[in-house]
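Worksheet for the structure shown next.
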Amino acid sequence: MAVTEGVPVSEGIGRQVDYWLTVYRRTWKGTAISSFVAPLFYVVAMGVLLGGFIEVDPSELEGATSYLAFLVPGLVAAHAMQTAVGETTYPVMGMIKWQRVYESMLATPLAVRDVVFAHLVFVTARVASTCAVFMLVVAPFGVIETWWGAVLAFLSQILVGTAFGSLVYALTTRMSTPEGFGVLFRLGVFPMFLFSGAFFPVANLGEVGAWVARLTPLWQGVNLSRMFMLDNVDWAVAGINATVLIVLTLVGLRWSVTGLRKRLVS
Amino acid sequence: MIEARDLRKAFGDFEAVRGIDLAVRKGEAFGFLGPNGAGKSSTMRMIAAVSPVSGGELRILGRDPAKDGPAIRGRLGVCPQEDTLDTELNVFDNLFIYGRYFGIAAADVRERAQELLEFVQLTDKAKSKVEDLSGGMKRRLTIARSLINRPDLLLLDEPTTGLDPQARHLLWDKLFRLKQTGVTLVITTHYMDEAEQLCDRLVVMDKGVIVAEGSPAALIQEHSTREVTELRFGVVGEDETHASYAEKVAEQVTGLGERVEVLPDRLLVYGDDGDEVAAKVHERGLRPVAVLVRRSTLEDVFLHLTGRTLVD
Ligand SMILES: Nc1ncnc2c1ncn2[C@@H]1O[C@H](COP(=O)(O)OP(=O)(O)OP(=O)(O)O)[C@@H](O)[C@H]1O
Ligand SMILES: [Mg+2]
C-alpha cells in the first residue's frame with residue numbers, strides 16, 4: 001500500500017521551526033550559562049591545574065604538546081555526547097507521555113518522520129551551539145593548531161551529537177518509564193565519558209581495554225576531534241571513525257521513527 | 001464526509017470497535033452516545049486518521065486514512081478527549097504554533113488566532129499560561145485550536161466532560177454557532193442532554209457496536225414512550241434493599257404503563273401519560289416516597305436498548 005507521508009520532510013521540519021524556536025527562547029538562558037561555565041571549569045581544573053602536574057612525552061599523548069591540548073578535543077566530544085543524551089532522554093519522554101506534545105503534533109498533517117527529524121535537528125543545533133561555545137572558550141588557551149582542523153573537529157563533535165542523539169532517542173521511544181535512564185547514565189554514558197579516551201590515551205587501558213574503548217561510539221568522535229585539532233590526522237582511521245558515526249546516526253534515525261510510530265500510532 | 005463499513009478496532013486480542021457502519025453527511029451534527037468503554041474514542045481516533053483501522057472500510061472526506069492521513073488531517077479539526085495543550089506555551093502561542101503545523105503562513109495564523117481567541121472569549125488571556133486556565137477555558141482553547149485550519153469536519157471527543165453547567169452551556173453555544181456556519185460536527189458524549197441539544201442525528205454505541213441510530217426525537221419515539229414516571233420507595237424492612245423491594249412492587253405496577261424498568265434506586269414506568277400512571281399507582285394503594293413525571297430522554301432509550309444506564 002502506498003502511504004503518503006504528506007509534505008516533504010523539509011517542509012514538515014520547516015513547519016515546526018516556530019515551535020522549536022519558542023522552546024529555545026524559553027531555555028537558552030539556562031543552557032547558555034552552563035555551556036559556557038562548564039567547559040571553562042573543566043579546562044581550568046583539569047587541563048590547566050591538573051595538567052600542570054603532568055609531564056609526558058608528546059608521543060604518549062597522541063601527538064599533543066601538553067595535557068591541556070590533549071584533553072580539550074576529547075572533552076568537547078564527550079560534552080557533545082552528554083548534551084545529546086540529556087536532550088533525548090527526559091525531554092523526549094516528556095513529549096511522548098507527560099506533556100504529550102507529540103500527540104497534538106500528530107493530529108495535524110505532520111507525520112511521525114517529520115516530528116522525529118525536527119526534534120533531532122533541534123538536538124543537533126543544541127549540540128552545535130554548546131560545542132561552538134566550548135571551542136571559543138578554549139581557543140585562547142592555545143589548543144587550536146589550524147583553523148580548518150578546528151572546523152573539522154567541530155564537525156566531528158556534531159557527528160557525536162547526531163549519533164548519540166538519534167540512538168538514545170530511539171531507546172527512549174521504547175521505554176515506558178524513566179527508570180531505564182539511570183541504567184543508561186550509570187552503565188553507558190558515564191563509563192564512556194571516563195574511559196573512551198577523553199581524559200587519557202586509550203592505550204593506557206592495556207591491549208584488550210584499548211580495543212574495547214575503541215569500539216565505543218564516543219571514542220570515534222574523541223579520536224576524530226583530537227586528530228583534527230592536533231593536526232595529526234591518520235586519514236584511514238578518520239574515515240573509519242566518521243563512517244561509524246554516520247552509520248550509527250542513520251540507524252538511530254530509522255529506529256527513532258519506527259519506535260515513535262509504534263508508540264504513538266496505535 | 002465520513003463513510004464506514006464494518007469498521008473495527010482491535011488492541012491485541014481485545015476488540016474495542018466491533019464492526020460499525022456510519023455515514024455522516026456534510027453540514028450535519030452527528031453524535032456518538034455511549035457509556036464508558038463503548039468505543040467512542042477509538043472510533044474518533046480512527047476518523048481523525050491517527051489510529052490505523054483494524055478491519056472494515058473507512059473513508060474520510062472521500063479519502064482513505066491509511067494512504068492519505070496527512071491530507072485528511074489537514075482538513076480536520078480535532079478536540080481530543082483529554083486536552084493536549086502545550087502547558088509550557090502561553091494561550092496565544094498554543095494557537096500560533098499549532099496553526100504553523102498546517103503550513104499556514106505566520107501572519108495568517110496570527111490573525112486567525114486573534115479571531116479565534118475572540119470567538120472563545122479568551123482574548124484577555126492571550127498571554128496567560130495554560131496552567132492558569134480553568135477547565136472550561138482549556139476546553140475552549142482546545143476548540144479554538146482545532147479551528148485554526150478552518151476545518152471542514154470538526155471532531156469533538158467529549159467536549160464538555162468535567163465542566164460545570166455554566167461552562168457547558170457556553171461551549172454548546174459556541175458549537176451551535178459553528179454548526180450554523182456550515183461546519184460538520186462529530187461529537188461523542190455520554191451526556192444525553194448534550195446529544196439532544198447538539199446532534200441532528202446520532203448513534204447509540206455500546207460495547208463496540210451500534211445499538212440504534214436516528215435523530216434524538218426519532219430514537220425516543222421509537223424506543224421509549226412520551227413520558228416516564230419515576231417512583232422512589234422508602235426502604236421497608238431491615239435488610240431489604242430498594243432493588244429487591246422494587247422487584248416485588250414492579251409486579252403490581254406492571255400494566256400501568258407499557259414497560260417498567262427497575263433501577264437500584266427507583267422504578268421507571270413508561271407510559272405516554274405520566275400523570276395518569278402516577279394516579280393509578282396511588283389507586284393501587286402503593287405509596288412511593290417520591291413521584292416524578294418527566295419526558296423521555298435518550299437515557300431511557302439507552303436503558304431500554306442495553307438494560308444499563310449511561311452514566312454510572
Ligand atoms: N490504546 C489502547 N490499548 C488497549 N486498549 C484500549 C486502548 N484504547 C482503548 N482501549 C480499550 O478499548 C475500549 C474502548 O475504549 P474507548 O476509549 O474507545 O471508549 P470510550 O467510549 O471513548 O469510553 P469513555 O467514555 O470512557 O471515553 C476500552 O475498554 C478501553 O480500555
Ligand atoms: Mg472516550
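So that the names make sense, note that chain A is the first sequence line, chain B the second, and so on, each numbered from 1.
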Smallest separation among heavy atoms of B:R145 and A:S104, with atom names: NH1-CB, 3.6 Å

query: Considering all heavy atoms of both residues, which atom of A:P109 and which atom of B:P70 are nearest to each other, and what is their separation?
result: O-CB, 3.3 Å

field: Enclosure of A:E11 CD (heavy-atom neighbours >12, cutoff 6.0 Å)
entry: yes

task: Please say whether more than 12 non-hydrogen atoms of neighbouring residues, nucleotides or ligands are located less than 6.0 Å from CZ in B:F176.
output: no

query: Taking everything shown except A:K97 itself, do over 12 heavy atoms lie less than 6.0 Å from its NZ?
result: yes

query: Which heavy atom in A:S266 sits nearest to a heavy atom in B:S51, and how many Å separate them?
result: O-OG, 2.8 Å

Part of B:N90 lying under 4.5 Å from any heavy atom of chain A: neither

- prompt: Contact part of A:V265 toward chain B, heavy-atom cut-off under 4.5 Å: side chain, backbone, both or neither?
  reply: both

field: Residue among A:G12, A:G14, A:A107 with most heavy-atom pairs under 4.5 Å to chain B
entry: A:A107

Atom CZ of A:R174: over 12 foreign heavy atoms under 6.0 Å: yes

query: With a 4.5 angstrom heavy-atom cut-off, which part of B:R45 approaches chain A: side chain, backbone, both or neither?
result: side chain

- line: To the nearest 0.5 Å, atom CZ of A:R100 lies from atom CG of B:D86 at 12.0 Å

statement: The interface call for B:N149 against chain A, heavy-atom contacts under 4.5 Å, is neither

Could you list the donor-acceptor pairs under 3.5 angstrom formed between side-chain atoms of residues 175-184 of chain A and any protein atom two or more places apart in sequence or on another chain?
none

message: Is it the case that over 12 heavy atoms from other parts of the model lie below 6.0 angstrom from the NZ atom of B:K125?
response: no

- request: Report, as yes or no, whether the 6.0 Å neighbourhood of atom CD on B:E15 holds more than 12 heavy atoms from other residues, nucleotides or ligands.
  value: yes

field: Sub-4.5 Å side-chain heavy-atom contact between B:L89 and A:R26
entry: yes

task: Using a cut-off of 6.0 Å, state whether more than 12 heavy atoms not belonging to A:W20 lie near its atom CH2.
output: yes

- request: Look at atom CH2 of A:W28 and say whether more than 12 heavy atoms of other residues, nucleotides or ligands are closer to it than 6.0 Å.
  value: no

message: For a 4.5 angstrom cut-off between non-hydrogen side-chain atoms, does A:M105 reach B:Y101?
response: yes

message: Testing the basics here: between B:T87 and A:Q99, what is the closest heavy-atom pair and its distance to 0.1 Å?
response: OG1-CG, 4.3 Å

message: Are B:F96 and A:T22 packed together at the side-chain level, in the sense that at least one heavy-atom pair is separated by less than 4.5 angstrom?
response: no

- prompt: Out of curiosity, B:R100 CZ to A:T108 OG1, how far, rounded to the nearest 0.5 Å?
  reply: 12.0 Å

- line: Heavy atoms of B:T84 and A:E103 approach each other most closely as CG2-OE2, 3.6 Å

